[in-house]
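Below: the structure, in structure tokens.
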There are 2 protein chains.
Amino acid sequence: MNRQVPTLEDVAREAGVSRATVSRVINGIRNVDPHIQDSVRRAVERTGYAPNRAARSLVTRRAETIALIVSGAGDASEEEQDAFAARVFADPFFGRVVSGVVGFLRGRSMHPVLMFAETEAARDQVLAYLRQGSADGALVVSTHADDPLPGMLAAARLPAVLFARPAHPVPLSYVDLAHRDGARLAADHLLDRGCRRVGTVCGPQDVPAGRERLAGFRDALARRGHPHVPVAEGGFTLASGAAAMIRLLDEHPGVDGVFAANDLMAQGVCQVLGERGLRVPEDVAVVGFDDSSAATACRPPLTTVRQPVERMASAMAELLDEHIRGVRTEPTSLVFDPELVVRASA
Amino acid sequence: MNRQVPTLEDVAREAGVSRATVSRVINGIRNVDPHIQDSVRRAVERTGYAPNRAARSLVTRRAETIALIVSGAGDASEEEQDAFAARVFADPFFGRVVSGVVGFLRGRSMHPVLMFAETEAARDQVLAYLRQGSADGALVVSTHADDPLPGMLAAARLPAVLFARPAHPVPLSYVDLAHRDGARLAADHLLDRGCRRVGTVCGPQDVPAGRERLAGFRDALARRGHPHVPVAEGGFTLASGAAAMIRLLDEHPGVDGVFAANDLMAQGVCQVLGERGLRVPEDVAVVGFDDSSAATACRPPLTTVRQPVERMASAMAELLDEHIRGVRTEPTSLVFDPELVVRASA
DNA sequence: ATGAAAGCGCTAACAG
DNA sequence: CTGTTAGCGCTTTCAT
């Protein structure tokens, strides 16, 4: 059997024209006789031709591929890297990012290559991958404040767009959410429903999202006469949220409203409350953040601040596409608005 | 500034040898004077050379890339495709697959391209992608019984390995779990802890995993004197598990043990039980399946049948690698053993 | 052991 | 509007 894939040459012969003409038709370049276009298309059909991407890349210098990178900061061992990957994907957040990116790429004949950059070596690999043209650009989701990758990408002048503003300024485009506004939405909702002593299980304070959500929450409360806010810090995971809630409750037994900086932690908060015999929302109202799948999986379903992750990820991919095509050259930031989703928890 | 990436030519000039020699050194081919090897390596260092993957692919006919495909069966609209992607990634299961695959690929200079194949067009794209050599093979996770992709892959004689045995026989390698054994583990545990009236929220009966888990559960119970098993079918999602549990409870109010065919459904089962005022495990014991993140997120934490997804995914990648390299030619199946993980729910 | 040379399949000037 | 031609950067015989 003939595993030989047909080439341009074959199609050209079949259609009785030159390679160049076939190439023009394939790439949709005008200035080709409609008649010939037709016969070429038929020849393509007959031969089952599909352009060889490597050959095309070699001359166009485009890989039609982008790297979707989840990067950390550490220098992890093999096992830690596996654990990192596992943890990352256990968080429903990343699935939404992937989904948004794929949504944009679909039909654009661009494909995402998944990469993890948790170690020095992995970061170098990512750089090499991009520099050798295996991918045209990078979409990066950092999980740590001191992730060196964005800086490396910028220094190498490689097209890259970040999800969320980096902790340290870097001349790269990014998409982000108006975290402060989101936190304010949560604060106002808690106050409006009558909570008098509200606290928060905030996120890690070394990442902007964690900081901003806390700052926004405090601001909003201060503006409405609550200068002091009980706070316990978590790490954006369910377990850390539960642990933080235990501390919060121990120090401030009277809280009647809690804002958790993401849904996973809010779920942990609800579990702790349940174990303490406190009802949600009757005894303590809980507001989450993200509107991830954890929000609906939680009992009771979470009132939460929706972050349009899919749209943000899609916009991120679009920004990158523009940078790659060269239609956008300056670093740009796109900040999305959050939205309150009211369910049963508050 | 010089964005021009150095080529083999540059390195050769720098080292004072021919391109061929540099190529040999880079690709670790013996028969090169150790002395020259050294000077070449230094030249590579100095120039910061990284081989151009497209050029290499063009001649080796290897992309060093594999497609990681999540495929369905339908012919969905754009929005449905987005929803599909979102749903797929909301399931912690896929994250574990990705994690296992990445774990195997790491350090092997192979990279996974993420693809979704929910529509006719998407499937054709996948085929074209592989046939034009953009990827050397495919890892496919089907979500539906009548997914045509495996058959297409086999017919095109493209290297491919499946996660889970396909519903309809296809001459492709796959990795799978001994589902029946897993279900038996669950049944025995429930019986051993004293449950007398056990039922099950089973998975979709058109996919082998759903069927096998139910069959195994029934067999085990029958063998221990329980010929009749209350059953309600779910769709492997939390909501469907909850709905199934409601039906099960309505028809068989006396159940004191439930086996849910995956953790997500088990979580739904626990929620329903909680809402009915039934305690887990005191009134009704619950056993899940998978040992996914849902198992620990659940209250109480789930006793469950562990499926070593990461190891399975890693093995799947290894099988594919062997098929690609040609060291394995016959379709092969690798079946892993499940393991009972006892937590609080049963 | 090393180099010269011939492509891999495609696009993009450049002619015509 | 179409064909000819010259590479893209690399690997791989084939000589030497």
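Letters A, B, ... are given to chains in the order of the sequence lines, protein chains preceding strands, and every chain is numbered from 1.
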Please state whether the phosphate of dC10(D), meaning OP1 or OP2, lies under 4.0 angstrom from any side-chain nitrogen or oxygen of Asn52(B).
no
Return the residues of residues 14-22 of chain A meeting this criterion: a heavy atom under 4.0 Å from some atom of DNA chain C. Order them by number, or give none.
Arg19(A), Ala20(A)
Output the rounded distance in Å from CZ (Arg53(B)) to C1' (dG9(C)).
18 Å
Report the distance from atom CD of Glu64(B) to atom P of dT11(D), rounded to the nearest whole Å.
10 Å
When every non-hydrogen atom of Ala313(B) is compared with those of Gly100(B), the smallest separation belongs to CB-CA, 4.0 Å
Please compare Pro34(B) and Leu58(B) by the position of their nearest nucleotide in DNA chain C and report the one closer to 5'.
Pro34(B)
Whole-Å distance between dG7(D) P and Glu9(B) CD?
13 Å
Drop me the distance from Ile26(A)'s CD1 to Arg56(A)'s CZ, to the nearest 0.5 angstrom.
7.5 Å
Ile324(B) versus Ile66(B): any side-chain heavy-atom pair under 4.5 Å?
yes
Distance in angstrom units between Ile36(B) CD1 and dG3(C) C1', rounded
11 Å
Does a donor on one side chain sit under 3.5 Å from an acceptor on the other, for Glu9(A) and Thr7(A)?
no
Separation of atom CZ in Arg13(A) from atom C1' in dC10(C), rounded to whole Å
16 Å
Residues of residues 42-51 of chain B with any non-hydrogen atom less than 4.0 angstrom from an atom of DNA chain D: list those, numerically ordered, please.
Tyr49(B), Pro51(B)
Thr7(A) side-chain proximity, nearest of dT12(D), dG3(C), dG9(C)
dG9(C)
Arg328(A) backbone acceptor or donor facing His323(A) side chain under 3.5 Å:
yes
Salt bridge (Lys or Arg N to Asp or Glu O under 4.0 Å) between Arg53(B) and Glu64(B), worked out:
CA-CA 9 Å; Arg53(B) 167 175 301 229; Glu64(B) 306 273 83; 5.6 Å; no
Which class fits the ring pair Phe163(B) and Phe93(B): parallel under 30°, tilted 30 to 60°, perpendicular over 60°?
perpendicular
Report yes if a donor N or O on one partner sits less than 3.5 Å from an acceptor N or O on the other, where the partners are the side chain of Arg61(B) and the base of dG9(C); otherwise report no.
no
Would Leu68(B) and Val140(B) satisfy side chain to side chain contact (heavy atoms under 4.5 Å, CB included), going step by step from the backbone distance to the final call?
CA-CA 6 Å; Leu68(B) 178 49; Val140(B) 5; over 6 Å; no
Interatomic distance, CG@Leu162(B) vs CG@Leu139(B), rounded to 0.5 Å, equals 9.0 Å
Degree of bending in the helix from dA1(C)-dT16(D) to dG16(C)-dC1(D) once both end axes are built from five pairs, to 10°
40°
When rounded to the nearest 0.5 angstrom, what distance separates CZ in Arg123(B) from CG in Asp147(B)?
6.5 Å
Which pair of heavy atoms, one from Ala63(A) and one from Ser134(A), lies closest together, and at what distance?
CB-O, 3.2 Å
Atom NE2 of His35(B) to atom C1' of dT2(C): distance rounded to whole Å?
16 Å
Residue pair Val101(B), Met316(B): steps toward the side chain to side chain contact (heavy atoms under 4.5 Å, CB included) verdict
CA-CA 8 Å; Val101(B) 169; Met316(B) 170 170 73; 4.2 Å; yes
Val59(B) has a side chain; which of dT11(C), dC8(C), dC1(D) sits nearest to it?
dC8(C)
To the nearest Å, how far apart are Asp33(A) CG and dT2(D) P?
5 Å
OP1, OP2 of dT2(C) versus side-chain N and O of Asn31(B): anything below 4.0 Å?
no
How many Å lie between CZ on Arg24(A) and C1' on dC14(C), as a whole number?
10 Å
